[in-house]
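Notes follow once the structure below has been shown.
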Amino acid sequence: MRIFRDQPLASTNLDRQGERLSKHFLEQCCANMSSKRFPVHQGHDMRRPVSGYIENPRLVPDADHPGEWRLIGDVYVDEGALEDVLGGFSISGMEIIRRTEDATALLYLPFPHYNDKDLLVQVLADAALGVGKWIKKGAEPLGWVLLGSVVAFAITPIWDDVYKRKIAPRIDGLIAGLLPALRKRGLAAELVQIVLFKHAEVEVRIIPVQGKEEICLHSYAVEQGLREVVDFLRIDATAQAVGVKRIVIFFDEVPGAYKLHRIEYADGRVEHLA
């Protein structure tokens, strides 16, 4: 692997999008990345294979701009992926716009749409919807929003009953209500679902075919994809031994179903399955 030490990943300086990241946001990013090898995603795109990982993230004063801060880290890149990272490295993360104790679902909007006043009026009208920014610095604006339930389910014999009763109706209704406004702005939606496994949270990212969310993100299709996740976690020896941080599944139009795409284990190892 090729090693790029002390690489800048983000800063509090004014960026190309005309925004500034707070020191608090960078501290949160640093803490999230510090516990293990942090995967490097190509263009912040979960559908593509990871190209390496980041270690030793740290927040340091910006010597060139007094009063500003830089997030840097050591980046390890696979030799075959060097062309994909020539434009440099950057981070992504979530920042809350509105948090509510009554929230039953969450919506994260990408730049510049989290500054779209008309869209914010519409989504904030849902009092049970937590809303935030999906910050992806260094990347071209991506036309995806992230939706998810605040309800997690544990891997038990009745997990699917919990999903059908407490999660599916809310997400189905949210997608049906939001898709017209999202498509008007050239946006598509993907889902996130938290699964409780070995006393830890596993983030399941559910990637549909863009433009076909009514089919791919309907609860029937999503439940079948989650069943693949649950079956994998039950039998995979590495998952049982070290735990899992994230699983990515994507909708394959040929069989008309979700497939396991990538497993990010808790120790930083990544396995691509499709």
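Numbers here simply count residues along the sequence, with the first being 1.
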Side chains of L109 and L120 in contact at under 4.5 Å (non-hydrogen atoms):
yes
I91 and L26: CA distance, side-chain angles, deciding distance, side chain to side chain contact (heavy atoms under 4.5 Å, CB included) verdict:
CA-CA 9 Å; I91 62 168; L26 295 185; 4.0 Å; yes
I'd like to know if the side chain of R262 and the backbone of H272 have a donor-acceptor N/O pair within less than 3.5 Å.
no
Shortest non-hydrogen contact from A239 toward V244:
CB-CG2, 3.6 Å
Compare all side-chain heavy atoms of V75 with those of L9 and state whether any distance is below 4.5 angstrom.
yes
Does the side chain to side chain contact (heavy atoms under 4.5 Å, CB included) test come out yes or no for D252 and H261, once each step is laid out?
CA-CA 10 Å; D252 188 331; H261 174 54; over 6 Å; no
Check whether any side-chain heavy atom of S149 sits under 4.5 Å from a side-chain heavy atom of Q193, and report yes or no.
yes
Straight-line distance of L191 CG to I167 CD1, nearest 0.5 Å
11.0 Å
Output the distance between atom CG (D64) and atom OG (S11), rounded to the nearest 0.5 Å.
10.5 Å
Rounded to the nearest 0.5 Å, the CD1 atom of I96 sits from the CE atom of M94 at a distance of 9.5 Å
Side-chain donor-acceptor pairs of residues 155-164 under 3.5 Å, sequence neighbours excluded:
{"from": "T156", "atom 1": "OG1", "to": "I158", "atom 2": "N", "distance (Å)": "3.3"}
{"from": "D161", "atom 1": "OD2", "to": "R165", "atom 2": "NE", "distance (Å)": "2.8"}
{"from": "D161", "atom 1": "OD2", "to": "R165", "atom 2": "NH2", "distance (Å)": "3.4"}

Positive for side chain to side chain contact (heavy atoms under 4.5 Å, CB included) with L178, one of V145, V123, L187
V123
Show, in sequence, the C-alpha distance, side-chain angles and deciding distance for K245 and E264, and conclude whether the salt bridge (charged side-chain N to carboxylate O under 4.0 Å, His left out) test is met.
CA-CA 6 Å; K245 183 69 174 178; E264 298 179 15; over 6 Å; no
Using a 3.5 Å distance criterion without hydrogens, assess whether the side chain of R185 forms a donor-acceptor pair with backbone atoms of G143.
no
Please say yes or no: joined through hydrophobic side-chain contacts below 4.5 Å, possibly via intermediate residues, are V195 and F232 part of one cluster?
yes
Kindly determine whether I206 and E190 satisfy side chain to side chain contact (heavy atoms under 4.5 Å, CB included), including the steps that lead there.
CA-CA 6 Å; I206 302 161; E190 63 182 66; over 6 Å; no
Work out which heavy atom in A181 is nearest to a heavy atom in Q122; give both atom names and the distance.
CB-OE1, 3.4 Å
Under 3.5 Å, side chain of E214 to main-chain N/O of A176, donor-acceptor pair present?
no
Where V229 and I247 come nearest, the two heavy atoms and their spacing:
CG1-CD1, 3.8 Å
Just by distance, do the side chain of R98 and the backbone of L124 share a donor-acceptor pair under 3.5 Å?
yes
Using atom types as modelled and distance alone, determine if a side-chain donor or acceptor of D74 lies under 3.5 Å from a backbone N or O of D6.
yes
With rounding to the nearest 0.5 angstrom, report the CG to CG distance, L129 to L106.
7.0 Å
Enclosure of E271 CD (heavy-atom neighbours >12, cutoff 6.0 Å)
yes
Nearest-0.5 Å distance, CZ of residue F153 to NZ of residue K166:
13.0 Å
Are the side chain of R70 and the backbone N or O of E68 linked by a donor-acceptor pair below 3.5 Å?
no
Of K133, E95, E19, which is the lone residue that meets side chain to side chain donor-acceptor pair (under 3.5 Å) with Y114?
E19
Please report the closest heavy-atom contact between I54 and G73, naming both atoms and the distance.
CG2-CA, 4.4 Å
Is L226 linked to V209 within one hydrophobic cluster, defined over Ile, Leu, Val, Met, Phe, Trp and Tyr using a side-chain heavy-atom separation of less than 4.5 Å?
yes
Taking the six-membered ring for Trp and the full ring for Phe, Tyr or His, determine whether the centres of F38 and Y53 are under 6.0 Å apart.
no
Tell me the closest heavy-atom pair linking A127 and T100, and the distance in Å.
O-CG2, 3.7 Å
What are the two closest heavy atoms between P208 and A189, and how far apart are they?
CG-O, 3.1 Å
Is V204 reachable from I194 through a run of I, L, V, M, F, W or Y residues, each pair having side-chain heavy atoms under 4.5 Å apart?
no
Is there a path from L233 to L273 through hydrophobic residues (I, L, V, M, F, W, Y) whose side chains come within less than 4.5 Å of each other?
yes
Main-chain N/O of Q240 paired with K198 side-chain donor or acceptor, under 3.5 Å:
yes
Interatomic distance, D62 atom CG to L71 atom CG [nearest 0.5 angstrom]
12.0 Å
Contacts of E55 that satisfy side chain to side chain donor-acceptor pair (under 3.5 Å) - sequence neighbours left out:
R37
Flag yes if W69 and I72 sit in one hydrophobic cluster, no otherwise; membership is Ile, Leu, Val, Met, Phe, Trp, Tyr, and two members link when side-chain heavy atoms are under 4.5 Å apart.
no
Apply side chain to side chain contact (heavy atoms under 4.5 Å, CB included) to the pair E213 and L182, showing each step before the final yes or no.
CA-CA 11 Å; E213 289 89 348; L182 297 178; over 6 Å; no
